[in-house]
Amino acid sequence: MCGIIGYIGIDHVEKYLIEGLKKMEYRGYDSAGICVKDDYLDVVKKSGGIANLEKALLDRKFSGNTGIGHTRWATHGAPNDLNAHPHLSFQSDIAVVHNGIIENYATLKRFLLEKGVRFSSQTDSEVLAHLIESFYTGNLEEAVSKALQNVDGTYGLAVLHRHENKIIAARKGSPLILGIGDSMMMVASDAVPLLDHTNKVIYLEDNDLAVLTRNQYDIMKINGRKVRREIEEIQWNISQIEKRGFKHFMLKEIYEQPEAMRNTLRGRIKGDTIKLSVNFDAEKLNRIVITACGTSWHSALIGKYFMEEILQLPVEVDYASEFRYRTTALAKDDLFIVISQSGETADTLAALRKAKSLGCQTLGIVNVVGSSIARETESGIYLHAGPEIGVASTKAFLCQITSLMLLALAIQQAKGKTISSRMINELEILPEKIQEIIANEKQLRVLAYRLQNATNFLYLGRGVNFPVALEGALKLKEISTIHAEGYPAAEMKHGPIALIDASMPVVFIAPEGKILTKILSNMEEVKARQGQILTITDSQNPKLQELSDHIFMVPKTLEIFTPFLTTVPLQILAYYIADMKGINVDKPRNLAKSVTVE
Ligand code: F6R
């Protein structure tokens with residue numbers, strides 16, 4: 001999730017670019033760069049945050065008043081200077097900044113290499129600069145339009161040509177907003193950097209291409225057909241829209257989950273086959289060991305249920321902090337999976353290093369590109385969830401379990417078994433079902449209001465929803481500081497039942513499935529002790545309805561996929577309870593986003 005900016009006007013351009021990038025740094029801080037159009041295209045780019053770029057610009061003077069800039073959240077290629085944007089074309093006539101993923105970049109790259117083009121980065125984005133140049137015959141918008149008709153994937157794009165005083169902007173799948181000013185036009189991934197200069201904006205739609213000159217803008221579809229877009233006046237203030245109108249990053253990230261999950265799936269399902277770039281010997285595989293910490297450990301537990309059911313293979317899950325000091329044996333045909341949003345968690349990294357020293361195959365499921373775990377695993381799956389800023393993990397969790405499901409299906413396929421097309425179809429429509437849950441959040445707000453004064457919560461689930469109970473309890477305790485425990489529902493009678501009384505909310509995760517009747521018995525046991533029951537379910541079972549004090553319904557799905565849907569209401573509930581208690585949800589007490597100490 002990168003940030004792009006462009007300015008064409010009468011002022012020196014660099015201050016517009018740098019200030020704009022600073023406002024979008026939350027979108028990525030792997031590298032930053034600008035290109036100013038003078039007699040030639042002058043590019044300065046640096047790995048790391050905007051501060052590094054500013055240092056590199058200290059002794060530079062520009063006289064141009066047209067330019068583009070970029071702050072990167074790396075997807076393809078490590079976060080270094082070479083992979084930073086803007087990217088120049090082979091003849092240095094064209095500069096491009098890009099936010100998105102070019103899915104057919106390997107094919108396009110081969111085509112360009114055959115034409116003699118030389119590449120200087122490992123990014124998918126660089127192909128765009130060369131491809132546009134290959135179509136250029138004197139009109140930049142025509143060349144961009146032709147190039148984009150050959151591109152599969154997503155983009156928010158800004159393009160310059162050395163001999164034309166204009167910026168071409170285009171969008172598909174990645175946001176892009178035009179800012180309309182006096183004697184100047186701007187373009188950005190977000191409204192925030194525009195607001196210092198104008199509140200008149202145009203939200204580009206998918207497949208729109210805009211031609212910006214100092215006093216004019218023209219918008220057309222990628223195929224050249226002219227379109228009209230309304231100018232809108234932004235009423236918000238900057239502090240609100242830095243979180244895009246959300247009170248906290250956590251809530252924004254909960255809302256982003258349908259899109260984040262689509263990004264994890266994108267390009268990885270082709271018809272009835274799964275395409276993952278992982279390299280381990282799936283045929284010989286006879287055991288899988290997964291380690292992680294915190295929320296990522298919960299997703300590992302869900303992965304265990306997925307893999308045992310789909311692959312009938314033994315799967316062990318361990319806390320990374322325990323695994324690293326345990327005496328254990330791993331064989332060369334074992335697959336060792338580490339899961340980490342940040343890719344920097346110290347215990348997870350140490351567990352990975354231990355597994356490597358024991359000689360087994362390793363695979364990482366990581367969000368942050370180029371992080372230590374991503375670099376040290378032999379192969380991996382990037383989540384493509386975008387930066388997760390809220391300390392409590394939400395969208396990364398959902399994308400981790402998406403990756404684990406894709407991996408289970410890919411191993412099944414590698415073992416020569418057919419993947420059920422029903423499962424694939426259902427997986428692809430889960431983001432819409434998550435959207436439906438989010439659309440019902442008001443009901444969860446009401447529940448949060450009713451339950452906010454409880455001092456203890458119990459979360460109970462069974463089977464693949466047992467880890468969901470653990471995750472629901474962790475979300476609540478970490479952001480609201482209310483004590484909460486998660487248990488397998490049947491374990492309750494071996495101890496936790498002693499805690500149940502009328503003041504104790506018990507959250508049951510109880511979707512339709514083979515053990516629902518057993519959960520109903522556990523509910524009876526809670527009811528007999530006056531516990532208050534909140535049930536997350538997709539079931540119309542009359543007994544369940546009768547035993548529950550509150551019910552939140554989720555859409556129906558296959559039983560194995562229920563965690564994708566049952567987790568989301570628990571995140572929203574925890575968020576609102578914490579917010580109602582006046583806690584800064586994004587910075588919970590004593591916690592840090594990335595735990596790089598033991
Ligand atoms: C809880 C949470 C933490 C992390 C844990 C591991 O909401 O975010 O429990 O899941 O610190 O972090 P990563 O996934 O970065 O290794």
Side-chain angles (χ1 to χ4, degrees), residues 73 248-254 256-257 260 264 290-303 317-324 336-353 355 362-377 380-404 459 467-482 484 486 563 567-568 570-575 577-578 583-598:
W73 193 83
H248 294 103
F249 282 109
M250 181 182 173
L251 188 61
K252 172 172 158 277
E253 287 157 9
I254 289 172
E256 281 171 354
Q257 289 184 112
T264 306
I290 318 179
T291 64
C293 300
T295 284
S296 298
W297 180 75
H298 296 154
S299 72
L301 284 176
I302 293 178
V317 175
D318 209 346
Y319 286 112
S321 54
E322 289 300 310
F323 177 86
R324 65 185 291 189
F336 187 84
I337 304 175
V338 279
I339 307 178
S340 175
Q341 188 285 129
S342 62
E344 302 293 348
T345 301
D347 284 322
T348 314
L349 189 55
L352 168 65
R353 289 177 180 158
T362 62
L363 182 140
I365 296 181
V366 173
N367 195 32
V368 177
V369 175
S371 55
S372 305
I373 292 174
R375 280 198 312 269
E376 293 192 28
T377 39
I381 305 175
Y382 277 127
L383 302 183
H384 299 312
E388 192 178 64
I389 296 163
V391 165
S393 185
T394 51
K395 63 178 179 173
F397 174 82
L398 203 87
C399 295
Q400 286 166 349
I401 61 173
T402 307
S403 305
L404 286 158
Y459 285 71
V468 174
L470 296 180
E471 176 60 7
L474 176 64
K475 283 293 88 97
L476 185 70
K477 73 181 130 192
E478 71 177 324
I479 58 172
S480 72
T481 65
I482 295 173
T567 303
V568 179
L570 301 182
Q571 297 168 338
I572 299 173
L573 182 72
Y575 171 79
I577 290 179
I583 292 172
N584 180 352
V585 175
D586 282 334
K587 295 199 178 118
R589 190 173 72 185
N590 302 340
L591 290 169
K593 185 72 188 151
S594 181
V595 184
T596 52
V597 290
E598 228 191 297

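As the structure lists them, so they are numbered: ligands from 1, and atoms in each ligand from 1. Basis for what follows: all heavy atoms, side chains included, without hydrogens, waters or symmetry-related copies.
The shortest N or O to N or O distance between Thr348 and ligand 1 is not under 3.5 Å. Taking only nitrogen or oxygen atoms, main chain and side chain alike, Gln400 does not reach within less than 3.5 Å of ligand 1.
For the pair Glu388 (side chain) and Thr394 (backbone), a donor-acceptor distance under 3.5 Å is present. Judged by distance alone, with hydrogens and angles left aside, the side-chain atoms of Thr345 form no donor-acceptor pair with the main-chain N or O of Asp347 at under 3.5 Å.
At a heavy-atom distance under 4.0 Å, no atom of Glu344 approaches ligand 1.
Within the structure, the closest approach of Ile373 to ligand 1 does not fall below 4.0 Å when heavy atoms are considered.
Judged as a salt bridge (Lys or Arg N to Asp or Glu O under 4.0 Å), and not counting sequence neighbours, Glu322 has no contacts. Residues that satisfy the salt bridge (Lys or Arg N to Asp or Glu O under 4.0 Å) test with Asp586, not counting sequence neighbours, are absent from this structure.
Residue-ligand proximity, Ser342 to ligand 1, at heavy-atom distances under 4.0 Å covers atoms 13 (P), 15 (O), 16 (O). Within ligand 1, counting atoms from 1 as listed, the ones closer than 4.0 Å to a heavy atom of Val391 are 8 (O). Near Glu478, meaning under 4.0 Å from one of its heavy atoms, ligand 1 places the atoms 1 (C), 7 (O). Listed by number with element, the atoms of ligand 1 under 4.0 Å from a non-hydrogen atom of Lys475 are 1 (C), 7 (O). Every atom of ligand 1 with a heavy atom of Ser296 under 4.0 Å away is listed here by number and element: 10 (O), 13 (P), 14 (O). Here is the list of ligand 1 atoms found below 4.0 Å of a heavy atom in Ala392: 7 (O). If you number the atoms of ligand 1 from 1 as listed, the ones under 4.0 Å from a heavy atom of Ser340 come out as 13 (P), 14 (O), 15 (O), 16 (O).
Summarising the geometry, atom CG belonging to Asn367 is positioned 9.0 Å from atom NE2 belonging to His384; distances are rounded to the nearest 0.5 Å.
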Apply side-chain hydrogen bond (donor to acceptor under 3.5 Å, both in side chains) to the pair Lys475 and Thr567, showing each step before the final yes or no.
CA-CA 10 Å; Lys475 283 293 88 97; Thr567 303; over 6 Å; no
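Ser296 and Gln400 get closest at one heavy-atom pair: OG-NE2, 3.0 Å.
A tilted orientation is assigned to the rings of Phe323 and Phe336, their planes being inclined by 30° to 60°.
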